[in-house]
Every structure is written in structure tokens, then in C-alpha cells.
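These notes concern the structure reproduced below.
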Amino acid sequence: MPCCARICDDYIREARLIQESLIPTAALCDPSIEIAFRFTPFFEVGGDFVDFFRLPNGLIGLYMGDVVGKGLAATLYGALVMGTLRGIHKSGIDTGSILSLLNQRLMQRPLPGRFCSTLYAIFDPPTRTLSFSNAGLPFPLHASSTCCQLLGEGGLPSGLLSTATYEQHLVQLAPGDTVLFATDGLHESCNPAGVEFSSTRMSELWAQCQFKSAAESLDHLLDGLTDFSEGAPPHDDVTAVVLKVLS
């Protein structure tokens with residue numbers, strides 16, 4: 001192998017290790033909630049990111065993002081966004097203010113052509129209340145005993161426009177409810193005929209997940225995606241997070 005190719009491979013390998021260190025290593029299990037995730041970059045590294053965690057006040061935080069572009073450059077910008085979020089998310093302010101502050105900080109040193117669709121959510125276990133704000137990601141998908149519906153509204157991606165503001169959405173959840181958060185790589189996956197997954201099968205599959213665990217729900221959805229795509233390769237990073245209310 002030529003020396004320059006070996007060096008590039010080494011750089012990619014190191015970038016992959018760094019990216020893996022920034023995302024969760026396991027699902028989150030709590031008496032009241034389960035959170036599971038899948039992260040599949042298009043290249044060896046990708047521009048998607050995800051994290052979830054317990055906050056000091058007993059709440060559970062979750063964020064995810066999708067950087068414009070792919071590969072190493074997107075990974076680096078994603079690491080920048082995650083680092084900025086980690087300096088904000090324990091501040092105790094609402095989710096809309098968190099995304100507004102993230103946007104302001106990214107706009108202090110904007111990078112031409114770089115921005116990030118971002119979602120930040122907080123779950124309150126005692127009240128089963130989910131609050132979230134969305135900066136350009138696909139709407140979360142909520143499955144309950146009575147319906148399967150999209151939640152909230154969108155917003156401008158983080159780092160795109162300095163005047164962007166973000167609404168906080170509140171959702172009352174119940175035991176058995178399941179919420180799917182995903183980047184557009186999942187929603188826009190296509191079958192060989194060019195039909196998008198989200199336009200046909202996604203909601204139908206998700207509505208079947210009420211009695212499944214968080215991990216089982218993800219498996220059910222991604223198995224359905226595999227059948228739908230008929231072996232067609234993905235064209236983007238695919239990241240999905242499931243929040244399952246237990247009690």
C-alpha cells in the first residue's frame with residue numbers, strides 16, 4: 001500500500017475511534033423508561049451524532065444531529081456541535097433556549113457551507129412529560145395505544161442563520177408509548193423504484209411497536225427498512241433513537 005494511502009487509512013481509523021467515543025456505548029435503562037439507538041454512518045465516519053444521559057435534577061436528556069455533508073469533514077463539525085452542546089445542556093434552561101444558544105455560539109465563528117440539523121429533548125420521569133425543540137430534523141414519531149403521529153414543528157438548522165429561534169414542544173406520554181427520533185437518512189431511504197421509506201412503510205411499522213421494547217422496536221423498524229429497500233444501499237448516515245415509556 002502506498003505511504004499516503006496508509007496515512008489516510010490511519011487518519012480515518014483514528015477519526016472513527018474518536019467518533020465512537022462521543023456516542024453512547026449502551027442503551028439507557030431506567031424503571032420508567034428505556035432508550036435504545038442505532039448509528040450507521042454512510043462512510044467509515046459520518047456526520048450524524050447522538051447522545052442521551054441522566055441530568056443532575058433527575059431528568060433525562062437526549063440530543064441528536066445531522067451535519068450537512070458526509071465523511072471526515074462532517075464528523076469534525078459534528079464533534080464541534082456536540083462539544084458546544086455539552087457546554088450548554090446542564091444549564092437548566094428550556095430546550096428552545098438550548099438550541100438558540102447553540103445557534104448563537106456556532107454563528108460566532110461560522111464555517112462557510114457548514115450547518116447542522118439538531119434536536120434536543122428532555123424527559124421528566126415522574127410526570128412522563130417530553131419536551132423538545134427541533135432545528136431541522138425530521139419530526140419525531142409517537143406511537144401510542146390510540147394513534148401514530150408526528151410531533152412538533154421544524155426549525156432552521158443550527159449554525160445557518162443568526163436570527164433563528166426555536167419553539168419548545170410539550171408532549172404528555174403514557175406507559176407503553178414509544179417515540180422515534182431519527183435523522184433524514186432513515187426517512188429518505190429509498191427502494192429500487194425511488195420511493196422513500198417515510199412516505200409508505202415507516203408509520204405503519206412504528207404503529208406496531210407499542211408492545212415491544214425499545215431495542216425490539218428498532219429491530220422491527222430496521223428489518224422493515226431492509227425488506228423495503230430490497231438490498232438498495234443507503235445514500236446517507238442512518239441514526240435512530242427510541243424512547244419507550246415503561247411506567
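A salt bridge (charged side-chain N to carboxylate O under 4.0 Å, His left out) check over residues 189-213, counting only residues at least two apart or in different chains, returns the pairs Arg201-Glu204.
Note that OG1 of Thr226 and CG of Leu221 are 9.5 Å apart. Values are rounded to the nearest 0.5 Å. Phe123 CZ to Ile33 CD1: the interatomic distance, rounded to the nearest 0.5 Å, is 4.5 Å. In this structure, Leu102 CG and Leu85 CG are separated by 4.5 Å, a value rounded to the nearest 0.5 Å. Considering SG of Cys116 and CE of Met64, their distance stands at 10.0 Å, rounded to 0.5 Å. One distance of note links CD1 of Ile122 with OG of Ser131; it measures 5.0 Å at 0.5 Å rounding. The distance from atom CD of Gln168 to atom CG of Asp94, rounded to the nearest 0.5 Å, is 4.5 Å.
Looking at Glu34, its side chain does come within 3.5 Å of a backbone N or O of Ala214 through a donor-acceptor pair. For the pair Asn103 (side chain) and Leu161 (backbone), a donor-acceptor distance under 3.5 Å is present. A donor-acceptor pair is defined here as one N or O able to donate and one able to accept, closer than 3.5 Å; no such pair exists between the side chain of Thr146 and the backbone of Ser144. When atom types are taken as modelled, the side chain of Ser133 and the backbone of Glu167 share a donor-acceptor pair closer than 3.5 angstrom. In this structure, Asp184 contributes its side chain and Glu188 its backbone to no donor-acceptor pair below 3.5 Å. Checking side-chain atoms of Lys244 against main-chain N and O of Gln210 turns up a donor-acceptor pair under 3.5 Å. A donor-acceptor contact shorter than 3.5 Å links the side chain of Tyr166 to the backbone of Leu156. Glu230 places no side-chain N or O within 3.5 Å of a backbone atom of Asn191 that could act as its donor or acceptor partner.
Arg38 pairs with exactly one of Asp219, Val50, Leu186 by the side-chain contact (heavy atoms from CB on, under 4.5 Å) rule, that one being Asp219.
Donor-acceptor pairing under 3.5 Å is recorded for the side chains of Thr239 and Asp48. Between the side chains of Thr178 and Ser217, no donor-acceptor pair is found at a separation under 3.5 Å.
The hydrophobic cluster containing Leu170 does not contain Leu180, counting ILVMFWY residues as joined when their side-chain heavy atoms lie under 4.5 angstrom apart, directly or transitively. In this structure, Val171 is a member of the same hydrophobic cluster as Leu137, with clusters built from ILVMFWY side-chain heavy atoms closer than 4.5 Å. Tracing side-chain contacts under 4.5 Å through hydrophobic residues (I, L, V, M, F, W, Y), one never reaches Met107 starting from Leu99; they form parts of separate clusters. No chain of hydrophobic side-chain contacts below 4.5 Å, direct or via other Ile, Leu, Val, Met, Phe, Trp or Tyr residues, connects Val179 to Leu246.
A salt bridge does not link Asp177 to Arg128: none of the charged side-chain nitrogens sits closer than 4.0 Å to a carboxylate oxygen.
When every heavy atom of Asp237 is checked against every heavy atom of Gly47, the shortest pair comes out as OD2-N, 2.7 Å. Between Arg54 and Cys29, the shortest heavy-atom distance links the atoms NH2-O, 2.9 Å. Summarising the geometry of Gly69 relative to Arg114, their closest heavy-atom pair is CA-NH1, 4.1 Å, with the distance given to 0.1 Å. Closest approach of Leu225 to Ser189, counting heavy atoms only: CD1-CB, 3.6 Å. Across Leu130 and Ala121, no two heavy atoms sit closer than the pair CD1-CB, 4.1 Å. Cys209 and Leu205 get closest at one heavy-atom pair: SG-O, 3.6 Å.
Other residues, nucleotides and ligands place more than 12 heavy atoms under 6.0 Å from the CD atom of Gln149.
Asp30 places none of its side-chain heavy atoms less than 4.5 Å from the side chain of Ile35. Proximity of Asn134 to Glu153: side-chain heavy atoms (C-beta onward) are nowhere separated by under 4.5 Å. Taking the side chain as every heavy atom from C-beta outward, Leu141 and Ser203 approach each other to under 4.5 Å. With contacts defined as side-chain heavy-atom distances shorter than 4.5 Å, the pair Leu173/Leu243 qualifies. Asp51 places a side-chain heavy atom less than 4.5 Å from the side chain of Pro24. Contact of the Ile60 side chain with the Pro125 side chain is registered, since non-hydrogen atoms from C-beta on lie closer than 4.5 Å. Taking the side chain as every heavy atom from C-beta outward, Tyr77 and Leu106 approach each other to under 4.5 Å. Considering only heavy atoms from C-beta on, Tyr63 stays 4.5 Å or farther from Val81 through its side chain.
The aromatic rings of Phe132 and His169 sit tilted, their planes meeting at an angle between 30° and 60°. The aromatic rings of Phe37 and Phe52 lie perpendicular to each other, with more than 60° between the two planes, well past the 30° mark.
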